Amino acid sequence: MARHKVDMNVYTQGEIDKWVYSTCNICSVGCGCYIAVKENKIVGIKGNENHPTNCGRLGPKGENQWYANNSPDRLLTPLIRNSAGQLVPASWEEAMGLFVEKAKEVLRTKGSNGISIYSTGQGFLEDYYSIAKIGRAGIGTHFLDANTRLCTATTEWCLLQSFGSDGVPASYDDIDEADTLMLFGHNLAETGTVLFERVMARKQRTGRPYIIVVDPRKTITARAADLHLQLYPGTNVALLNGLLHLILRQGDIDKQFIENYTIGFEDMRAELEPWTPERTAEVTGIPINILHQAAKQLGKTRTLVSTTLQGAFQSADATQACIAINNLHLIRGLIGKPGCGPLHMAGQPSSSGNRTVGGVGSYPGNRNPENPAHIAEMARLWNVEESKLEIGPELGIEEQIHYMETGQIGLFWNIHTNPMVSLPNRERARKAFEKAFVVVQDPFLTETTEVADIVLPTAMWGEKEGTMENATRTINLLWKAVEPPNGVKSDFEILLDFSRRMEFKDKDGVPLITYTTPEECFEEWKKVSKGRPSDMSEITYEKLEKYNGLQWPVDEKNPLGTTRLYSDFKFHTTADYAQSYGKDLHTGRPKLKEEFEKVGANGRAILYGTQHVPPAEQPSKEFPMWVTTGRLVWHWHTRTKTGRSPYLHMIAPDGYVEINVKDAEELNLLPGEVVRVVSPRGWIEVPARIVDTVQPGLVFVPFHYGSWQKHEAANELTVDFVDPLSKQPTFKQASCRIEKIRKSYPLDEGDNLETIAAQHGLTMEQVIQANRDFPPFRTDMGKRVEVPLSMVNVQIPSYMYRGVEKIPAFQQNKLHVTRGDE
C-alpha cells in the first residue's frame with residue numbers, strides 16, 4: 001500500500017503531553033492510530049503511518065470519534081429506576097447490589113436460561129472472553145448474543161458451511177494484488193472509507209483492480225466501479241446462480257482443484273442448470289449483456305477477491321448468497337493464493353473477535369457447541385463440570401425477544417449497544433424489553449436506557465486497554481490513554497465485579513475468574529486458543545505494538561501471523577475438528593454429527609446448490625414500494641458517539657428518505673418535503689431526497705436516527721424476519737408507501753400563489769409544482785391549494801479522497817424547482 005499523508009484531528013491550546021498507541025474503534029477496517037493526550041484528556045487523534053492497514057489514513061468517523069469522550073453528558077454515576085419509574089443516581093454498591101440480587105432471584109426462579117447477555121461489536125476481546133466464561137461457566141446460560149447478530153452473523157455461517165470454521169480466508173493484502181475485486185452488497189466508500197481509498201489509490205496508479213459492484217443503489221462505490229450490477233431487491237442468490245451458470249457454460253472452472261479439494265460439485269451444478277441468462281435477467285432486472293460481461297470477467301480473471309457486507313448479510317437468503325460466493329472461488333480455484341479469496345467483511349471494529357472467543361453462540365476458539373469432545377475440552381480448560389456448560393446451537397436476539405415476551409428471560413444484560421434503535425420492528429422489541437429486568441452498560445443515556453432498570457456508566461475508547469480483531473483476523477492493541485472520568489468503570493471491571501459478587505467458582509472452589517487485568521485475561525485466552533483455527537498462543541501485547549497487529553493463527557509455525565487461510569487447501573471440515581456440523585441450507589435445522597460425516601468432506605471444502613427464495617414480505621397494493629436501510633459515511637450505528645461530534649452532527653443531523661425521480665414525479669413531491677413513510681409495522685416522517693441513486697419503486701432510509709421523541713427511526717419500518725442459518729434480520733427488504741403531509745385550503749380574495757409562497761417560506765416554483773394542475777398565474781376564488789407542512793434542506797455532501805466534494809454526490813433531481821444545485 002502506497003504511503004499517504006498522516007491524517008490528524010487535534011484541538012488543544014499548546015503542545016500535547018503525549019501520543020498513545022491505539023486502534024480506531026469505529027468500523028472493522030482496523031486502522032492504527034495514536035491518541036493525543038493533554039492534562040489527562042483526549043484532545044485528538046492521528047493515523048499511524050507505519051500500520052499496514054491504513055498507513056496513516058483515517059476516515060471521517062475515525063477522525064472525530066474522540067469528541068464523545070469529552071461530551072458534557074457523559075454518565076458519571078450508576079442509575080436505578082425507582083418506584084415512580086424514574087432513573088435516579090445511585091452508588092456503585094447500590095447498583096451492583098441490586099443487579100446481583102436480581103440475577104440470583106432469576107436464577108432461582110427461572111433457571112440459568114432466565115438470564116441473557118447481549119453485548120457489542122465495539123468491545124475488546126478480553127471483554128468478550130470474560131462474557132463467554134461468566135455466561136457459560138458461571139451463569140450457565142444458553143443466551144449469549146451481541147449486535148454482531150445484526151451485523152455479520154452471516155459471515156460466520158457461510159464460512160462454517162463451506163469451510164468448517166469461522167475466519168475469513170482472504171486479507172487486505174490480497175485486495176492489493178487482485179486483478180478483479182467484486183464488492184457484493186458492500187458500499188465500501190461509506191462503510192470502510194480508508195480501505196476504499198486504498199483500493200482507489202492503486203486503481204489510479206495501476207489501473208487495477210477491475211471493480212464489480214453489486215447493489216440496488218447507485219452508491220459512491222457503484223459510481224467508481226467498472227461494472228455496476230444494479231439488481232432488484234432480494235435477488236442476490238438469483239444473480240449469483242445466473243453468473244455461476246454462465247461460468248460453467250464458459251468452461252472457466254479449475255477441474256483439478258474441484259476434484260482434489262472440494263465436494264458437492266454435482267449437487268451445485270444441478271441447482272444452477274435452470275438459471276439461464278434469460279431467467280436471471282427477468283428475476284434480477286439486470287440486462288443479459290451485462291450478465292455476460294460480469295460472467296466473463298469473473299470467469300477469466302487470474303485473481304479475484306470478493307467482499308460482502310450488509311447488502312448481502314441483511315437480505316433474504318443471506319447465508320446462501322455468501323455460500324454462492326464461496327462456491328465461485330472454489331470452482332475457479334481462487335482461494336488460498338495471493339490476490340484470491342472471499343473476504344466476508346465485519347461491520348464493527350471487533351465483532352469478529354466476539355465470535356472468535358465465544359461471546360456469542362459458539363464456544364471459545366472456534367469450538368463446536370454440539371461436539372461433546374469440545375465441551376469436555378472447555379470444561380477442562382475452565383476447570384468446571386461438563387454438565388455446567390450449555391450445549392446446542394446459538395439462539396439469536398430475535399429468538400431472545402420471543403423468550404422475553406413469554407417470560408422465560410427475566411434479566412436482560414445489555415453491554416455497550418443500543419438495540420432500541422438497531423433492532424428491526426423496534427416497537428415489538430421495546431414491549432419485550434419492558435417485560436424483563438434490563439441492565440444497560442453505556443457511557444450515555446440512550447434510547448435503550450429508557451427501558452432500563454439499572455444503568456452502569458462505562459469507560460470508552462482511549463480510557464481502557466485491550467485488543468480488537470478487525471475484519472481480516474488481525475489482532476490490534478489499544479493502550480489506555482487517559483483515566484476514565486471519576487465514577488466510571490470499564491466493561492471488563494464490571495464483568496469481573498459481577499463474577500466476584502455472584503461467587504462463581506470452579507469445581508475446586510477457586511474463583512472462576514482469577515485474572516485481574518486485560519493482559520492477564522489475554523494470557524489465559526492464549527491457552528484456550530492453542531491448537532484451534534484461531535490459535536493466538538504466540539501473541540503478546542508487546543508483539544502487537546511492535547508489528548502493528550498480527551493475523552491469526554499466530555502459533556509456533558506462524559509466529560508473525562498468517563496472511564491468508566487455506567494456502568495448503570486443507571479445510572476444517574473433519575467432524576472432530578469442525579466448528580459446526582452445519583445446518584440445513586433451507587430450513588436452518590442444525591445437522592447431526594452423523595449427517596455431517598455422511599457428507600464426507602474430511603478436509604475438503606463443501607460446495608452447495610443454492611436456491612433463490614424471494615423475500616417473505618413483498619410490495620403490495622397497500623404498500624407498493626420497497627424500503628431498504630443502510631449507513632452513511634458520516635455516522636456510526638445509532639450515533640451514540642458520532643452524534644456528539646459537532647462536525648459529524650452538523651453535516652448529517654437528521655434522517656431522510658431517498659426517493660427516485662420518477663416516483664417523486666408520480667407522487668408530485670418537492671425536494672426536501674417532509675413525507676410519511678408507512679410500513680405494515682409503523683411509520684416515520686422525514687424529508688425526501690429526490691435522487692437517481694435508488695431504483696424506481698425503492699426507497700432508502702439511513703438507520704442511524706431513532707429517538708423515541710422524533711419519528712425518524714428506520715427500524716419502525718423493518719421486518720423482524722431472519723435468515724434461517726445465521727439468524728440475521730432482513731433489514732434490506734420491507735414494503736412501504738409514501739404519503740404526502742400537506743395543508744389544503746381555498747384561496748381567499750386577494751390571495752395568489754405568490755402570497756401563499758411567501759406565507760409558507762416557499763418559492764413560487766415550489767408552490768406551482770405542488771399544485772401542478774393549478775393555473776400558475778391566475779387566482780380562482782375557492783380553488784384549493786396544497787402546501788407542504790414542512791420543508792428541510794437535506795443535501796448531505798459525500799466524503800472522498802480527503803475532501804468534501806463541491807457538488808453533492810447525492811444530488812437532488814434536475815427539476816426546475818431544485819434548490820441548491822447551482
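We're numbering straight along the sequence, starting at 1. Reckoned from all heavy atoms, side chains included, excluding hydrogens, waters and symmetry mates. Everything numeric here is computed off the predicted structure, so don't read it as measured data.
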Novice: Under 6.0 Å from the CD1 atom of Ile16, do we count more than 12 heavy atoms belonging to anything else shown?
Specialist: yes

Novice: Salt bridge (Lys or Arg N to Asp or Glu O under 4.0 Å) with Asp173: which of Arg564, Arg202, Arg198?
Specialist: Arg198

Novice: From Arg136 CZ over to Leu389 CG, what is the distance, rounded to the nearest 0.5 angstrom?
Specialist: 8.0 Å

Novice: Taking the side chain as every heavy atom from C-beta outward, state whether Lys530 and Glu556 have any atom pair closer than 4.5 Å.
Specialist: yes

Novice: Using the ring of each side chain (for Trp, its six-membered ring), is Trp413 parallel, tilted or perpendicular to Phe99, with breaks at 30° and 60°?
Specialist: perpendicular

Novice: Considering all heavy atoms of both residues, which atom of Ile475 and which atom of Ile539 are nearest to each other, and what is their separation?
Specialist: CG1-CD1, 4.1 Å

Novice: Taking all atoms of both residues into account, what is the closest heavy-atom pair of Trp552 and Asp535, and its distance?
Specialist: CB-O, 3.9 Å

Novice: May I ask you to test the Phe703-His637 pair for a side-chain heavy-atom distance under 4.5 Å?
Specialist: yes

Novice: Let me confirm one number: the CG-CZ distance from Leu159 to Arg355, rounded to the nearest 0.5 Å.
Specialist: 7.0 Å

Novice: Do other residues, nucleotides or ligands put more than 12 heavy atoms under 6.0 Å from Asp568 CG?
Specialist: yes

Novice: Taking Thr446 for its side chain and Thr449 for its backbone only, find out whether a donor-acceptor pair lies under 3.5 Å.
Specialist: yes

Novice: Give me the atom names and distance for the closest heavy-atom approach of Met345 to Ser28.
Specialist: CE-OG, 3.8 Å

Novice: Work out which heavy atom in Arg57 is nearest to a heavy atom in Asp7; give both atom names and the distance.
Specialist: CA-OD2, 3.1 Å

Novice: Within the side chain of His416, is there an N or O that forms a donor-acceptor pair under 3.5 Å with the backbone of Asp442?
Specialist: no

Novice: Within the 4.5 Å heavy-atom criterion, are Phe504 and Lys133 side-chain neighbours or not?
Specialist: no

Novice: What is the minimum heavy-atom distance between Ala312 and Cys322, and which atoms define it?
Specialist: CB-SG, 4.1 Å

Novice: Does the pair Thr23 and Asn476 meet the rule for a side chain to side chain donor-acceptor pair (under 3.5 Å), with working shown?
Specialist: CA-CA 7 Å; Thr23 307; Asn476 284 307; 4.5 Å; no

Novice: Nearest 0.5 Å, please: how far is CG in Leu496 from CD1 in Ile134?
Specialist: 6.5 Å

Novice: Taking side chain as C-beta onward, heavy atoms only, is Gln400 less than 4.5 Å from Arg149?
Specialist: no

Novice: Ignoring hydrogens and geometry, is there a side-chain-to-backbone donor-acceptor pair from Ser645 to Leu648 under 3.5 Å?
Specialist: yes

Novice: Should His572 and Tyr566 count as side-chain neighbours, where that means a heavy-atom distance under 4.5 Å?
Specialist: yes

Novice: Would you mind reporting whether Gln348 and Trp636 have side-chain heavy atoms less than 4.5 Å apart?
Specialist: yes

Novice: Do Thr308 and His186 have side chains that approach each other closer than 4.5 Å (heavy atoms only, starting at C-beta)?
Specialist: no

Novice: Closer than 3.5 angstrom, by distance alone: can the side chain of Asn64 be matched with the main-chain N or O of Thr642 as a donor-acceptor pair?
Specialist: no

Novice: Answer yes or no: is there a donor N or O on one side and an acceptor on the other, between the side chain of Arg532 and the main chain of Asn366, under 3.5 Å?
Specialist: yes

Novice: Are more than 12 heavy atoms, taken from residues, nucleotides or ligands other than Lys41, located less than 6.0 Å from that residue's NZ atom?
Specialist: no

Novice: For the pair Tyr21 and Tyr34, name the ring-plane relationship: parallel under 30°, tilted 30 to 60°, perpendicular over 60°.
Specialist: perpendicular

Novice: Could you measure the distance from the NZ atom of Lys526 to the SG atom of Cys521? Nearest 0.5 Å is fine.
Specialist: 12.0 Å

Novice: Before you tell me yes or no, could you show the steps for Ile139 and Phe498 under side chain to side chain contact (heavy atoms under 4.5 Å, CB included), namely the whole-Å CA-CA distance, both residues' side-chain angles and the distance that decides it to 0.1 Å?
Specialist: CA-CA 11 Å; Ile139 297 170; Phe498 176 81; 4.2 Å; yes

Novice: First locate atom CE of Met96, then atom CD1 of Ile454, and finally report the distance between them rounded to the nearest 0.5 Å.
Specialist: 8.0 Å

Novice: For the pair Asn25 (side chain) and Gln122 (backbone), establish whether a donor and an acceptor sit closer than 3.5 Å, ignoring hydrogens and angles.
Specialist: yes

Novice: Considering only NZ, NE, NH1 and NH2 on the basic side and carboxylate oxygens on the acidic side, decide whether Arg367 and Glu377 come within less than 4.0 Å.
Specialist: yes

Novice: Give me the atom names and distance for the closest heavy-atom approach of Thr120 to Thr148.
Specialist: O-OG1, 4.3 Å

Novice: Under 4.0 Å between a Lys/Arg side-chain N and an Asp/Glu carboxylate O for Glu126 and Lys464?
Specialist: no

Novice: Got a donor-acceptor contact below 3.5 angstrom from the Asn558 side chain to the Asp555 backbone?
Specialist: no

Novice: Using 30° and 60° as the class boundaries, would you call the ring planes of His344 and Phe313 parallel, tilted or perpendicular?
Specialist: tilted

